[in-house]
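Have a look at the structure below before the remarks.
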Amino acid sequence: MSDWHHLSSQEALAAVASNAQGLDLAEAAKRLAQDGPNQLNPPNRRSALVKFLLQFHNVLIYVLLASAGVTAILAHWVDTSVIVGVVVINAIIGFIQEGKAEKAMDAIRRMSSPEATVLREGKRGVIATEALVLGDIVLLQSGDKVPADLRLINVKNLRIEEAALTGESTAVEKNIIAVDAQAALGDRFSMAYSGTLVVYGQGAGVVVATADKTEIGRISVMLDNVQTLTTPLLRQMEVFGYWLTIAILALSAITFLYGWLVHQFNIGDMFIAAVSMAVAAIPEGLPAVLTITLAFGVQRMAKRSAIIRRLPAVEALGSVTVICTDKTGTLTRNEMTVQRVLTSDQVFEVSGDGYAPHGGFSIDGKETDIIEHVASLDIFRAGLLCNDAALHETAGLWDIAGDPTEGALITLAMKAGLDPVFEHESLPRTDLIPFESEHRFMATLHHNHAGHAFIFVKGAAEQILGMCNRQRSLGEDVPLKLSQWHMKLKETGALGQRVLALAMKSMEGGQRELHYADTQGEFTLLGMVGITDPPREEAIVAVRNCRAAGISVKMITGDHAETARSIATLLGIGNGRTLTGSELDALDETALRQAVRDVGVFARASPEHKLRLVTALQANGEIIAMTGDGVNDAPALKRADIGIAMGMKGTEVAKEAAEIVLADDNFATIVHAVKEGRTVYDNIRKAIVFIMPTNGGEAGMVLFAIMFGMTLPITPVQILWVNMVTAVTLSLALSYEKSEPGVMQRPPRAANEAILSGFMIWRIAFVSLLLSTGSIALFLWESARGVGIDESRTAAINALVVGEMAYLFNCRYMLAPIRTWQDFTGNSSVLLTIAILAVIQGLFTYLPFMQGMFGVAAIDASVWGRIIGFGILLFIVVEVEKKFVLRILKK
Ligand code: ATP
């Protein structure tokens, strides 16, 4: 059945055996068991075999396989089998690590799985999208992602953007009228299709298809594009690997020709030398280490509530220079309490904390019984009725479901003695215009039992004042005294309170629908309320940390300028200057670019302003992280370098547009994520700076031997052994490295900075030289003592490995000195991998089977003494080098 759009709503409901009240729970459970979860089949994941084979698809590995070919032709079977063995082991390790990384990413993706609002047994509830079944009634509102294919049964200005399905990005206005059976997908106005986005209005529909039977499931487009574990930086590394391979091949060729032509060595020996060169210089473990470092970083961020949706964000985080953040709920706690009620005649202070409806009213510090001010009761009533939140008590604790601003108004009305159930029954709601941040008000239409109609509105004070021409004073409607209210508004705002105004008007009794035009004018202002929403303690600290880290914080809020300024001062944001949305509108691009440099607070700003602000900041060369939650924030989130959506109060549309979702909506989490982002980048650089000298050192040894026409101090299989054991042990330890102490005290990294800085190239070359010099020296020392070639080589290999162990400590901090005990022991994985490697090297040196395979021999304690001495020396030399480099960098 696919003609749902052609049926009437009633026919569709009947066809899936449902009704407007929704299914009962038992029936829903039965259908779920029968039809399975509403979930698209996972995208065509590559099979394990293909994934394994892909591990070999890498130029570096090709060179190794070619080397194996060369050794096979020369009948050096041990070399061939070891090279092939290493390639296979490397592939297995890569395969396992990639699997782990993928699992971590899946777990993170599941953390932000979407939910749907449904009607079951006549009651609203929120369930996981997967639990939806045929016949469920789904309620849609702006910002939602449609969770299944729905035949609409009622709509209120419902507009849906169907680009995921039709490619058309302008939203389509929906209605409930059946359309022609032949209508194209984009013209089926009576349907809401899974995966499309509600950008305006509200609606309800009955589920007519789930999972793979939905239109989107049928065309098998994956909504959540599968993440590939890569980022610009890793791609940069891939390109680097490619060029490195070419350089290595050239070097091998030169080595070969030089030995053959200059020294007239045997051609077979020179082949082996060239192969040694190639296998020495190839950092085959590097790609896997980089991937795993990235995945660990993402996992660490998820543990601290920052869910990465797109991997490149991890890197971009490290170069953020400006964070643009919302105020309510992100910087503040979003725990609203009305503390002031302002009517034409009185200013009441309200006592009591939180949502518990316990507290009283006072005027000028003197308690008063609110019943004596009956004339004021309509303001409380308006707050209670023009409201979609619900207040509930469990075990003496009061909490709300819905918007905290509205929750605060219910609490207020109850403190004033109104009974929510009674009020809703005596003035039932007939229609509403929901709150949207563009128009900054909400309106509801009510009818009393005598058939009289009233509209209640509440919203941003300026907005409501613009609708009113009268005000309520001692029970009478008198002309509005605008200037008086503006003063009150400013005063209350300066206390850091959010000000909401409330108004009402009477309507023709016959009117059952509320239109936008009905809200324009002729209202009577009932009064205003001042609501506190204290800043989050951790946000104050986080703002301070941003300052130290060279990141400026801008607050962009829909709230009034005075309120915004006062809260910003508490948080330490900006310099007291604020700009409002309308002032912003008056600026041209150049003036705006100037303004965004020094203004820290933008008030009464709408989502379009956010977009303009990001654009202007980017034109100034800044890298922007921008938060958002609403549908209309999506363009700004997409435009920002890093879009950050709120996990709790954010809409699905905002989450789709964002790179990061904050599970706890907390500003401090962004700053933690920035710190992690910097750390991941540091760790990737550390891994490179750590791994490459092993290759450089080995290549240096081979080069030296050929230049001076001496026996190779290390053979190809021995080289591979060293590469393999250090890559799977030591270099992984750096992936677990915590942030360096000063990460948040240095300025952001330049976005276009190359991954390999001049300093890193220097460090790699310097340590390569130290490693090869030390290993050759020990090799020559042993040879001079007259021991066999195998013993001498064993000394050289162990010198290389011990040198790397020592260098691992240097690498914990790129430039900062390693001095204290904590610097040595702070990362337990460093110690663990060193211990493991020590055992492995022991087995390698003394096990007869290993000796036979790798051509090594037992060495005595005095040799170990020299080797360890070399390790310590290398560590000290690198620490001295750090001092010099720091001095040069400071100049
Ligand atoms: P942010 O700092 O995240 O932008 P905000 O709440 O200040 O948060 P909006 O949500 O856009 O910004 O709200 C703008 C204004 O609209 C508020 O200052 C308030 O006056 C008014 N307002 C907020 N919530 C409601 C509501 N539920 N009903 C009516 N008016 C509201």
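Values below: every heavy atom of this structure, side chains too, minus hydrogens, waters and symmetry copies. Counting starts at 1 for both ligands and their atoms, in listed order.
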In the protein, what heavy atom is nearest to atom 3 (O) of ligand 1, and what distance, to one decimal place, separates them? Asp326 CB, 3.3 Å
Do Asn154 and Gln202 have side-chain atoms, one donor and one acceptor, less than 3.5 Å apart? no
Indicate, as side chain, backbone, both or neither, the part of Gln463 found under 4.0 angstrom from ligand 1 when only non-hydrogen atoms are considered. neither
For Gln520, is the CD atom crowded, meaning more than 12 foreign heavy atoms sit under 6.0 Å from it? yes
Side chain, backbone, both or neither: which part of Arg498 comes within less than 4.0 Å of ligand 1 when only heavy atoms are counted? side chain
Give me the atom names and distance for the closest heavy-atom approach of His447 to Ala453. NE2-CB, 3.5 Å
Suppose we measure from atom 19 (C) of ligand 1 to each protein heavy atom; which comes out shortest, and what is that distance? Leu500 CD1, 3.4 Å
the protein heavy atom lying closest to atom 24 (N) of ligand 1 turns out to be Phe435 CZ, 3.7 Å
Per-atom contacts of ligand 1 with Ala460, taking only distances under 4.0 Å to non-hydrogen atoms: 20 (O), 21 (C)
Counting heavy atoms not belonging to Met648, are there more than 12 under 6.0 Å from its CE? yes
With only distance considered, is Asp629 within less than 3.5 Å of ligand 1 through an N or O on each side? no
Under 4.0 Å to a heavy atom of Glu406 - the qualifying atoms of ligand 1, by number: 26 (C), 27 (N), 28 (N)
Non-hydrogen atoms of Tyr355 and Ala408 that approach each other most closely: CE2-N, 3.9 Å
Please confirm whether Lys327 comes within less than 3.5 Å of ligand 1 when only nitrogen or oxygen atoms on both sides are compared. yes
Closest to atom 8 (O) of ligand 1 among protein heavy atoms sits Thr328 OG1, 2.9 Å
Looking only at side chains, do Arg498 and Thr328 share a donor and an acceptor under 3.5 Å apart? yes
Kindly say whether the aromatic ring centers of Phe361 and His373 come within a distance under 6.0 Å. no
So, His515 and Asp431: side-chain donor and acceptor under 3.5 Å apart, yes or no? no
Ligand 1 atoms in contact with Thr557 (distance to a heavy atom under 4.0 Å): 1 (P), 2 (O), 4 (O), 7 (O)
Part of Lys610 with heavy atoms under 4.0 Å of ligand 1, whether side chain, backbone, both or neither: neither
Polar contacts were defined as any N/O atom of the residue lying under 3.5 Å from an N/O atom of the ligand; does this apply to Gly558 and ligand 1? yes
Going by atom types only, do Thr321 and Glu622 share a side-chain donor-acceptor pair under 3.5 Å? yes
Specify the protein heavy atom at minimum distance from atom 11 (O) of ligand 1: its residue, its atom name, and the distance to 0.1 Å. Ser437 CB, 3.1 Å
Residue, atom name and distance, where the atom is the protein heavy atom closest to atom 28 (N) of ligand 1: Lys458 NZ, 3.1 Å
Per-residue contact class, Asp559 against ligand 1 - non-hydrogen pairs under 4.0 Å: both
Taking NZ in Lys638 as the centre, count heavy atoms belonging to other residues, nucleotides or ligands within less than 6.0 Å. Is the count above 12? no
Is the closest heavy-atom distance from Arg604 to ligand 1 below 4.0 Å? yes
Does ligand 1 have an atom that lies less than 4.0 angstrom from a heavy atom of Val499? yes
Check: His446 ring centre within less than 6.0 Å of Phe456 ring centre: yes
